[in-house]
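Contents: one structure, followed by commentary.
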Amino acid sequence: MDKIYNHRDVEEKIYRDWEEKGYFKPEIHPDGKPYCIVLPPPNANGALHFGHAMFAVEDVLIRYHRMLGESALWLPGTDHAGTETQFVFEKKLKEQGKSRFDFDQETLYKMISEYVEENKGGIENQLRKLGFSLDWSRQKYTLDPDIVLLVYKTFKKMHEDGLVYRDYRLVNYCTFDGTGYSDLEVVHEERRSPLYYIKYGPLVLATTRPETKFGDTGIAVHPKDPRYQQYIGKVIEVETVLGMASIQVVGDEMVDPEFGTGVVKVTPAHDFNDYETGKRHNLPLKQVIGFDGKMNEHAGKFAGLYIKQARAAIVEEMQAKGLIEKIDTEYVNRVGLCYKCRNVLEPLPLEQWFVKVGPLKEKALEAVKKSEIKITPKNFENHYGQWMDNLRDWNISRQIVWGIRIPAWQCVSCHPGGSKATDRISHKDSIAEFTVSSSNPLQNDKKSDWIVTEGEKPDKCPRCESTNLEQDTDTFDTWFSSGQWPYLTLMTTKSGDFEKFYPTAVMETGYDLLRSWVSRMIMLGMYITGEVPFKDVLFHGLVNDPYGKKMSKSKGNVVNPLELVEQYGADAVRFALVYGNATGNDQSLSYPKLDASRKFANKLWNMTRFIEMKRPTSGHPGGSETTDRIPQIDSIATLQNDTISMHENDKAMVEKVQALVTEVTKNIDSYQFNFASEKLYEFIWHEFADKYIEDVKNRIDENSFMVLNSLFVTLLKLLHPFMPFITEEMYGKLGGEDSIMISSWPK
RNA sequence: GGGCUCAUAGCUCAGUUGGCUAGAGCGUUACAUUGACAUUGUAAAGGUCAGAGGUUCGAGUCCUCUUGGGCCCACCA
């Protein structure tokens with residue numbers, strides 16, 4: 001044996017060996033109790049980051065349960081990550097001087113698909129490098145045809161059950177990326193936005209968005225505001241930059257009399273609040289900003305200007321006309337930004353598919369309340385409850401091509417010029433269609449217009465028998481498919497998997513995915529299967545840079561975990577991430593800790609070397625590995641039964657190891673991986689090596705050797721889930737049979 | 001505006017249902033060792049556990065408030 005442990009010599013070889021022998025498959029223990037973890041699917045097009053490296057705790061659990069003799073399945077998969085991937089691809093297009101609008105939907109989809117295929121293997125091999133015992137034979141991808149079919153079925157069922165509906169509503173729309181988003185994908189930022197005090201006939205109101213005034217269909221005051229009682233319910237005449245206009249005044253509780261002048265303009269087409277106000281007072285909806293981010297024809301001579309330009313031009317003209325009383329230039333408010341491109345999102349009215357969350361969330365909330373699902377750390381149960389309580393209907397339509405196209409068709413004959421999303425994708429001016437065909441969309445009910453299928457094109461329109469049907473060009477929000485991941489995967493891997501492994505044992509992921517992912521998996525899982533998708537939720541924290549700052553590409557402080565694996569070894573990286581980090585807490589990447597872990601591996605290596613040297617039958621140069629196999633005593637119980645005569649120090653050590661086994665087992669069972677790893681580190685190094693080996697060194701005989709060897713193998717087994725490679729390597733050297741990963745957990 | 005979370009040795013962090021004489025890694029200091037260990041071992045220094053109250057036989061741990069970080073949520077025109 002070399003004097004030092006070199007992970008580069010062993011890791012790849014060992015992993016290949018495990019995989020070839022089929023050790024990652026649950027069939028290794030076909031009759032064992034089922035234990036399943038579904039891997040949170042990384043972006044198929046992405047690269048490994050620390051969020052993935054934290055999946056080490058899943059490997060700890062899987063390896064532990066496998067050693068317990070259970071039928072353990074860790075199921076890998078990848079996600080097509082719609083918006084993310086299309087965003088990356090469009091960047092590439094831009095480098096080539098092209099844009100997505102140069103291609104039709106099918107071509108663009110194909111291009112992205114090919115691009116993803118090229119990169120798809122990357123993430124898998126990176127996960128292998130970390131030693132993850134994933135059953136690759138069951139790997140799934142969110143765009144596998146069998147998965148897609150199940151997603152269609154879910155959608156169809158939800159449509160039939162009235163849990164999915166089409167509605168014309170305001171969405172957070174990014175005019176740069178050309179798609180709407182759900183509430184979750186909006187990031188808020190404080191910005192200085194001048195507050196303009198505008199004269200509106202006899203009234204003065206304050207607004208940050210004068211350019212939307214052409215879309216005003218009402219003016220609101222607080223119903224009890226004594227200043228404005230005489231106007232409520234009246235129509236007033238106001239002078240605007242486009243001439244005179246008449247406008248309805250309403251009283252609404254929404255208005256804060258303390259803010260500004262206590263008067264507010266109501267622009268239902270361009271503000272979420274106003275949309276609701278408009279609905280309450282039956283005010284029409286008038287869209288003045290298009291999906292291209294420009295003013296439309298309702299803006300008169302300002303049509304065609306981008307929002308920013310229009311604002312400046314309008315304000316200038318209003319000032320010239322004396323329509324602006326004052327401007328508060330220091331005013332700060334919160335604006336919604338696109339989480340991808342950081343541009344200001346525009347609330348725009350659009351027909352979208354929505355998931356009615358009410359009935360779903362009720363059950364999902366109850367499951368956690370009744371502890372059918374336990375969340376660790378426990379305080380996240382509060383987060384979960386709060387989020388669920390405030391959940392609004394979920395917009396699942398995305399105006400991007402990269403994703404699962406929504407299997408809904410509309411009859412062109414019955415609905416000439418319906419809401420064709422192609423127009424938005426090509427950025428043609430589709431505004432007229434909306435304002436014309438939806439003269440009063442606030443009361444519009446278009447639910448029955450759509451034919452939803454399991455993916456196949458309907459033969460004809462059930463109403464007019466026309467065969468001229470067009471599919472919705474939108475795709476599903478990526479979370480709609482990944483939100484069904486546990487059963488989508490298990491229903492499509494091997495027959496019997498779903499019955500055997502569902503509900504899965506635990507969903508382990510970063511706590512940042514509680515809302516966007518975990519909550520949706522619970523809702524959709526319970527809806528489709530009638531059962532919770534997993535019994536436990538286990539959250540890990542984020543890994544920040546060594547200074548505690550969040551790693552991000554823009555900051556340039558991203559550390560690639562693979563480089564650390566190369567430098568320190570996968571075992572050391574895994575150990576460093578688990579050691580000293582309380583479950584669910586964020587941590588800063590610590591090089592000293594990595595170093596300590598690497599040294600620990602080296603210590604183990606040298607403990608093995610020492611034991612090998614002291615092996616009674618070894619020492620003669622001609623001795624072969626096979627004849628020199630060390631007698632193994634596999635269970636501590638055997639030692640405790642006085643099968644051999646033991647020195648009293650050996651006996652004491654047996655007891656200590658026994659106690660350690662109990663504690664480590666308990667810690668892993670309760671997801672306290674930090675305790676387990678700390679105890680192992682402390683015991684192996686400072687008890688077993690420093691004291692016991694030093695003691696036994698001078699009095700070693702055949703019996704004490706057997707105890708030493710057996711106890712050390714026991715310790716290696718306890719350590720194996722955390723440091724799989726080195727423990728495997730040493731297990732072989734110490735005469736262990738087969739592989740440590742399929743050996744039994746010490747009792 | 002709500003909610004969550006953190007504050008413990010020079011640094012990075014553990015501390016599980018209150019029992020602590022408060023620990024680890026790295027760093028620092030002294031000594032030992034060329035050994036199974038590109039080292040390791042033995043020992044030492046270093047902390048009014050953010051501050052103030054309270055509950056308790058007992059508080060780093062539970063409660064209240066204060067201060068200072070971080071995160072999340074919310075439609076303030």
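So you know, we letter chains A, B, ... as the sequences are listed, proteins then strands, and number each from 1.
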Under a 3.5 Å threshold, yes or no: a donor from one side chain and an acceptor from the other, between [X] and [Y]?
X       : Y       : answer
Y568(A) : D595(A) : no
T277(A) : D274(A) : no
T267(A) : D216(A) : yes
H540(A) : E508(A) : yes
W605(A) : N6(A)   : no

Candidate nucleotides [options], ranked by approach to the side chain of [X] - the nearest:
X       : options                   : answer
F610(A) : rA36(B), rU42(B), rA74(B) : rA36(B)
R515(A) : rC73(B), rG41(B), rG15(B) : rC73(B)
A582(A) : rA14(B), rA38(B), rC76(B) : rA14(B)
D690(A) : rU42(B), rU16(B), rA36(B) : rU42(B)
M613(A) : rC13(B), rA14(B), rA36(B) : rA36(B)

For residues 193-225 of chain A, which residue pairs pass the ring-ring contact (aromatic ring centres under 6.0 Å, His included) check, not counting sequence neighbours?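 Checked against ring-ring contact (aromatic ring centres under 6.0 Å, His included) - neighbours excluded - the pairs reaching residues 193-225 of chain A are F214(A)-F302(A).
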Using the [atom1] atom as the point on both nucleotides, what is the distance between [M] and [N], in whole Å?
N       : M       : atom1 : result
rG60(B) : rG54(B) : P     : 15 Å
rU17(B) : rA52(B) : P     : 26 Å
rG25(B) : rC65(B) : P     : 38 Å
rA45(B) : rA22(B) : P     : 13 Å
rG23(B) : rU28(B) : P     : 22 Å
rA74(B) : rG3(B)  : C1'   : 11 Å
rG18(B) : rC63(B) : C1'   : 13 Å
rG27(B) : rA36(B) : P     : 25 Å

Send over the distance from [X] [atom1] to [N] [atom2], rounded to a whole Å.
X       : N       : atom1 : atom2 : answer
I611(A) : rA36(B) : CD1   : P     : 13 Å
E276(A) : rC76(B) : CD    : P     : 14 Å
W605(A) : rA38(B) : CH2   : P     : 12 Å
L604(A) : rA36(B) : CG    : P     : 17 Å
D545(A) : rG70(B) : CG    : P     : 14 Å

Identify whether any heavy atom of [X] sits under 4.0 Å from a base atom; if not, whether one sits that close to sugar-phosphate; answer base, sugar-phosphate or nothing.
X       : result
E694(A) : base
Y331(A) : sugar-phosphate
D512(A) : nothing
G260(A) : nothing

Mind checking the NZ-OG1 spacing from K733(A) to T608(A)? Nearest 0.5 Å is all I need.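 Reported to 0.5 Å precision, the distance equals 9.0 Å.
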Atom CE of M388(A) and atom NE2 of H383(A): how far apart are they, to the nearest 0.5 Å?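 If we round to the nearest 0.5 Å, M388(A):CE and H383(A):NE2 are 14.5 Å apart.
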Of V264(A) and K603(A), the one whose closest RNA chain B nucleotide lies more 5':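 It is K603(A) whose nearest nucleotide is closer to the 5' end.
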By nearest heavy atom, map V255(A) and N606(A) onto RNA chain B; which one lands nearer the 5' end?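 Its nucleotide being nearer the 5' end, the pick is N606(A).
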Step by step, would you call T217(A) with Q248(A) a side-chain contact (heavy atoms from CB on, under 4.5 Å)? CA-CA 7 Å; T217(A) 53; Q248(A) 171 85 42; over 6 Å; no
Pull up the glycosidic torsion of rA38(B) and say syn or anti, syn being anything within 90° of 0.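 Base orientation: syn.
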Mark up nucleotides 17-32 of chain B, 5' to 3', with B wherever a protein heavy atom is under 4.0 angstrom from a base atom, S wherever such an atom reaches only the sugar-phosphate, and - elsewhere. -------SSS------
Only stems of 3 or more consecutive Watson-Crick or G-U pairs count here, both distances under 3.5 Å; name the ones for RNA chain B, or none.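 Consecutive-pair runs (3 or more) involving RNA chain B: B:1-7 with B:67-73, B:10-13 with B:23-26, B:28-32 with B:40-44, B:50-54 with B:62-66.
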Indicate yes or no: at least one non-hydrogen side-chain atom of [X] is less than 4.5 angstrom from one of [Y].
X       : Y       : value
D328(A) : P194(A) : no
M551(A) : V559(A) : yes
V696(A) : K614(A) : no

Can R169(A) be said to sit on top of Y275(A)'s aromatic six-ring, NZ or CZ under 6.0 Å from centre and within 45° of the ring axis?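 No, R169(A) and Y275(A) do not form such a contact.
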N/O to N/O distances under 3.5 Å, protein versus nucleotides 2-10 of chain B:
{"unit_1": "rG3(B)", "atom_1": "O2'", "unit_2": "Q386(A)", "atom_2": "OE1", "d": "2.9"}
{"unit_1": "rC4(B)", "atom_1": "O2'", "unit_2": "H383(A)", "atom_2": "NE2", "d": "2.9"}

Hey, does the side chain of R392(A) come within less than 4.0 Å of rA74(B)'s phosphate (OP1/OP2), counting only N and O?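 It does not, given that no N or O in the side chain of R392(A) lies less than 4.0 Å from OP1 or OP2 of rA74(B).
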Is the H686(A) ring parallel, tilted or perpendicular to the Y681(A) ring (thresholds 30°, 60°)?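 Answer is perpendicular, since the angle exceeds 60°.
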Quickly, which of T208(A), N333(A), T207(A) forms a side-chain hydrogen bond (donor to acceptor under 3.5 Å, both in side chains) with S193(A)? Name it, please.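 Among T208(A), N333(A), T207(A), the one meeting side-chain hydrogen bond (donor to acceptor under 3.5 Å, both in side chains) with S193(A) is N333(A).
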Residues 574-583 of chain A, side-chain donor-acceptor partners within the protein, below 3.5 Å, at least two apart:
{"unit_1": "R574(A)", "atom_1": "NE", "unit_2": "F722(A)", "atom_2": "O", "d": "3.2"}
{"unit_1": "R574(A)", "atom_1": "NH1", "unit_2": "D59(A)", "atom_2": "OD2", "d": "2.7"}
{"unit_1": "R574(A)", "atom_1": "NH1", "unit_2": "L130(A)", "atom_2": "O", "d": "2.9"}
{"unit_1": "R574(A)", "atom_1": "NH2", "unit_2": "D59(A)", "atom_2": "OD2", "d": "2.8"}
{"unit_1": "R574(A)", "atom_1": "NH2", "unit_2": "P721(A)", "atom_2": "O", "d": "2.8"}
{"unit_1": "N581(A)", "atom_1": "ND2", "unit_2": "N585(A)", "atom_2": "O", "d": "3.2"}
{"unit_1": "T583(A)", "atom_1": "OG1", "unit_2": "Y671(A)", "atom_2": "O", "d": "2.7"}

Could you list by number each residue of residues 199-212 of chain A showing a heavy-atom separation from RNA chain B of less than 4.0 Å, or answer none if no residue does?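 Nucleic-acid contacts, sorted: A206(A), T207(A), T208(A).
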